[in-house]
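Here's the structure, in C-alpha cells; my notes come after.
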Amino acid sequence: MNFASDHSQLSSSIPDAFGGPVGAPVGVFGTAQAHPLLNGLNEPQKQAVCLPAEHGLILAGAGSGKTRVLTTRIAWLMQTGQVSPQGILAVTFTNKAAREMLTRLSAMVPINVRSLWVGTFHGLCHRLLRTHWRAARLPETFQILDTGDQQAAIKRLIKAMGVDEERFPPRDMMHYINALKEQGIRSGQAEAHDAHTRRKVEIYAEYEAQCQREGAVDFAELLLRAYELLQQDEALRTHYQQRFRHILVDEFQDTNPLQYAWLQLLCGPQTVIFAVGDDDQSIYAFRGADVANMRAFERNYAKGNVIRLEQNYRSHGNILTAANALITNNADRLGKNLWTDAGEGELIRVFQGVSDLDEARYIVDEIRELTREGLPRHQMALLYRSNAQSRVLEHALFQAGIAYRVYGGLRFFERMEVKHALAYLRLIANQDDDTAFLRVVNFPTRGIGARSLEALQLEARQLNSSLYNAAASLTGKAGTAVGQFIRMIEGLRTETTGLSLPEVIDHLLDRSGLRQHYQAEKDGQDRLENLEELVNAAATFADDPEAAHNIDRDTGEATSLLADFLAHAALEAGEHQAGDQDEAVQLMTVHSAKGLEFSAVFIVGLEQGLFPHENAMMARDGLEEERRLMYVAITRARQRLYLCHAQTRMLHGQTRYCLPSSFLDELPEALLQRINTVPAWSAGSYSTGWSEAPAVDMTTRVSARAAGAAESAGGFHVGQNVVHTKFGAGVILAAEGRGEEARVQVRFGQAGTKWLALAYAKLEAV
DNA sequence: TCTTCAGTATTTTTT
DNA sequence: ATACTGAAGA
C-alpha cells in the first residue's frame, strides 16, 4: 500500500470537516437556515449550530467535527445578531483548545476576537479574581501556586505544625485538599469521623490560613474562590448572569462538580448553555471529572435537546466498527454509534511479541516499511498506557536511527532554573510569598543555612508575618546574610522600576547571581539557555496582544504586566520540552493523545494489568474508564491501526509474564489481522480464544530465546506450568538468581502469585 | 555546603 | 531497572 497516494485518495473521499462540500441540504430543525457559515456542515452539525436559544447538549463523537461546531455556533450567534461578542462565554480545559477556538473564530468572523471571553476554567476564574480581588477577599498581588508550589507549601506547613510526615504525606494531603475543593468543600464543612481524618481536616484548615496569609492561590482555589465570589456577591452574580447570554462548554464530560456548579451559578434566567462532550471519551475521573454531570445537564437543562454527532471524518470503517464494538461493553452510556462513508479500509493488525523488546523491534520494522510507503513520520504515533513504557520504544527507535518525539515530562515554566528566576520575580511582586522566598533565599547559596531559616520561621510565626517581613525586621540588628538578601530584593524592586518586563528579568538574573551560578556550573549550559529563553518569553509576552487581553474591559483598569506574566507562567506551563523534531514519530500516553489524530497508530502493551491497568481496578468503574481509554486510543487512527502486546515485559526491574488484554477479546475477530502467533504458554483458565492457534507465520524476530532462556533457573523457565505440594498448579511468571539464590515467581490458581526459593519450595514441572 | 548512600515508590494530567 | 527523596558523612 502506498500511503502517499492513499492519503490523497482518502482526503477526497472523506469530506473534510473543516471545509467540505458546499451546498449541502439545509436542516429542518428549529431555525436552521441557509447561511454561509453553515456551508459544508452535515445535518446534525447544522442543527447543533442553529439550535434555538435553549440549553442544549451535543454528544460529539470522536472525529465528528466538534470544535468546528462549537466555533461555528459562536460565529453564527454573533452574525445573526443573536448576541454581541460581550455576551459570549466559551470555556475549555486547555489553553491549546482555547487558542484553537480563537484562531478559527478570527478566520470566520471579522470581529476582534479579543473581546470574547474564551478561555480555560482556570484562566477565566483567575480573570474574575484579578478584577474583583477585593470582593474575593484576596490581596491585589495574589500569586498562583502550581502543583509543585502547592506541595512545597503543604510540606512546609506540615513541618511547621509538627505533624508526622510519614502518616500525613504532603502528596496525599495535597490530593485530599484538592479533592475536597473540587467538590466545593471548605475545611469547615469537611466530614471527619475518625482521628486521622480530623487531623487531615485540621491541616486543610491551616493550609487555607497559610495561603490567605501569603496571598497564595492554588489551581483548585481559583475555581472555588471564583465560585464563592459569585455565590456570595449577588450584585456581581447578577451582573455576569445578565452579561453572558450564551455559555459554551467544551469537553463537558471532563467537568468536575465544582466546575459544573460554577457554570450553574453563571447561568441566569436569560442564559443559554451549549455543552459539547462525549461520555465515551471521559478518561479523567481520577482527577475529579464526573461524567454524571452530562446526565444531570441533560435532565435539568437540555431536557431532550440532545444532538448526536456520529458521522466520523477521521477513520476508516473497520477502525470505527472496532471502537463501537469495544465501547458497547460499557453500561450507562448516553449512547452513540460512529459511522463513516470512507469505506472499510484495512484490517486492524494484531501483533504478539515474545517480549517488550520483540514488540519494539516489530514496531521499528513497521515504521521503516510505512516510511518506505511514503507516510511521513509525524503521521505515526506510538500510544501507551504508562510513561514507563516509552523507554524500550525510545531505545529501539534510537538504535534504528528513527527520529522520534516523546510527549510528557517537564515543561518550560516547570524547569528548576526557570522557577528560580520566577521566584525572584514573585518576591518583587508580592513579598509575602513564602514559597518563593524559601525557594531562592539561599539559591544561589549565600550562606543562609537551616539554622538561620529556623530562627527566621520562628520569628515570622511570632510576628504572624511573612518570612520576608520577619527578615526585614531582623535586619536592623546586623548585616547578616539574610539582611543582604532582603536588601538585594529591595534593590531589585527599586532598580527595576521603569524597566520593561524582559529588562527586569535580565537584570534580576545578574543581580541574584543566577546567571553567574549557572555559568560556573559545568552542566549549566542548557539551564543558562533556558534563562535567556525566559527573557525572550517575557519580551514576547510584553509585545503580544495577549497581554492586552488582560486589560480588564469592565473597569478599564490595566493590570500589571508583571502580575500577568507570572499568572501566565503558572496557568500555561508552556510547551513540553522533549526534542521537537518535525519529521518525528510521536510517542505519548493515550491520555495525551486525546484530541489528536494520526494516519498510523500503534497501541502498545495491550496486556492484562497494563492496559487495562491493574491499579485502575481499585477505582469504581475502573474497568469502564480503561475501556474508554482504549476507545480513545483506537479512534486516534485514520487509516492503519496496530495493536501490540508482548508475552513478557520488564517491569520494576523484573520480567513479568503477561496475558493479552481483555480488550482484544472485545474486538470482532473479522476486523483483525493476526500478524503472527507464538506458542501458547498459558494454563487453560486464561485462554484468550486464540492461543491454541498453530504457530504459523512465525517471524524470525520472534525467537523464544529472547525471554525464555535468559529467565530460567534451576531447570525451570518462565511460562512453564508447575505444581506445588501446597498451592497446587501454577505458571511461572518470572525467575531470578542462580543456584542457591534462585527464586521463581509463580501464579497459582487459588493461592495467588508468590515468590518461591527453589532451594526450599517443592516445585514440580508439569 | 556538597556529596553520597540508602530507602522508596512506580497509571493516567491540566490548570 | 531507575529515578527521586531525605538524611548522614567529607
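This one's a predicted model, so the numbers in the text were calculated from it and none came from an experiment. We name chains A, B, ... by the order of the sequence lines, and we start the count at 1 in each one.
Here the side chain of Tyr284(A) is nearest to one of dT13(B), dT11(B), dT15(B), namely dT13(B). When distances are taken from the side chain of Ser592(A) to each of dT13(B), dT11(B), dT1(B), the shortest belongs to dT13(B). The side chain of His652(A) sits closest to dA1(C) out of dT15(B), dT13(B), dA1(C). Of the candidates dT15(B), dT11(B), dT2(C), dT2(C) carries the atom nearest the Arg391(A) side chain, counting heavy atoms from C-beta on. For Asn387(A), the listed nucleotide lying nearest its side chain is dT12(B); candidates were dT1(B), dT12(B), dT11(B). For Arg287(A), the listed nucleotide lying nearest its side chain is dT13(B); candidates were dT15(B), dT11(B), dT13(B).
Two residues are said to be in side-chain contact when any heavy atoms from C-beta on lie closer than 4.5 Å; Leu534(A) and Phe413(A) meet this criterion.
Rounded to whole angstrom, the span from the CG atom of Asp146(A) across to the P atom of dT13(B) amounts to 17 Å. When the P atom of dT15(B) is taken as reference, atom NZ of Lys96(A) falls 10 Å away, rounded to whole Å. One interatomic measurement links the two molecules: NE2 of His568(A) to C1' of dT15(B), which rounds to 13 Å at whole-angstrom precision. Taking atom CG on Leu629(A) and atom P on dT11(B), their separation rounds to 15 Å, with Å as the unit. Taking atom CG on Leu145(A) and atom C1' on dT14(B), their separation rounds to 16 Å, with Å as the unit. When rounded to the nearest whole Å, the span between OH of Tyr407(A) and P of dT13(B) equals 14 Å. Across the protein-nucleic acid pair, Glu625(A) atom CD and dT13(B) atom P stand 13 Å apart, rounded to whole Å. In this structure, the CG atom of Leu623(A) is 18 Å from the P atom of dT11(B), given to the nearest Å.
Both Ala450(A) and Ala570(A) sit near DNA chain B, but only Ala450(A) has its closest nucleotide nearer the 5' end. Each of Gly449(A) and Thr120(A) was matched to the nucleotide of DNA chain B holding its nearest heavy atom; the match closer to the 5' end belongs to Gly449(A).
Among the heavy atoms of the strands, none lies under 4.0 Å from Phe121(A). Residue contacts shown for Asn95(A) are limited to sugar-phosphate atoms, with no base heavy atom under 4.0 Å away.
For the pair Asn442(A) and dT1(B), the criterion of a side-chain N or O lying under 4.0 Å from OP1 or OP2 is met. Note on Thr445(A): a side-chain N or O is less than 4.0 Å away from OP1 or OP2 of dC2(B). OP1 or OP2 of dT15(B) has at least one side-chain nitrogen or oxygen of Arg411(A) nearer than 4.0 Å.
The salt bridge (Lys or Arg N to Asp or Glu O under 4.0 Å) analysis of residues 168-178 of chain A, with sequence neighbours excluded, yields no pairs.
His122(A) does not qualify as a stacking partner of the dT15(B) base, lacking a centre-to-centre distance under 5.5 Å together with planes within 30°. Residue Phe286(A) and nucleotide dT12(B) are classified as a stacked aromatic pair, their ring centres being separated by less than 5.5 Å at an interplanar angle below 30°.
Distance noted for atom P between dT5(C) and dT12(B): 16 Å (whole Å). Rounded to whole Å, the C1' atom of dT14(B) lies 24 Å from the corresponding atom of dA3(C).
Ring centroids of His517(A) and Phe443(A) are separated by less than 6.0 Å, placing the two rings close together. In this structure, His132(A) has its ring center closer than 6.0 angstrom to the ring center of Tyr240(A).
Closest of all the heavy-atom pairs between Gln281(A) and Gln253(A) is O-NE2, 3.9 Å.
Put simply, OH on Tyr631(A) and CG on Asp280(A) are 5.0 Å apart, with the number rounded to the nearest 0.5 Å.
A donor and an acceptor atom sit less than 3.5 Å apart, one in the side chain of Thr147(A) and one in the base of dT15(B).
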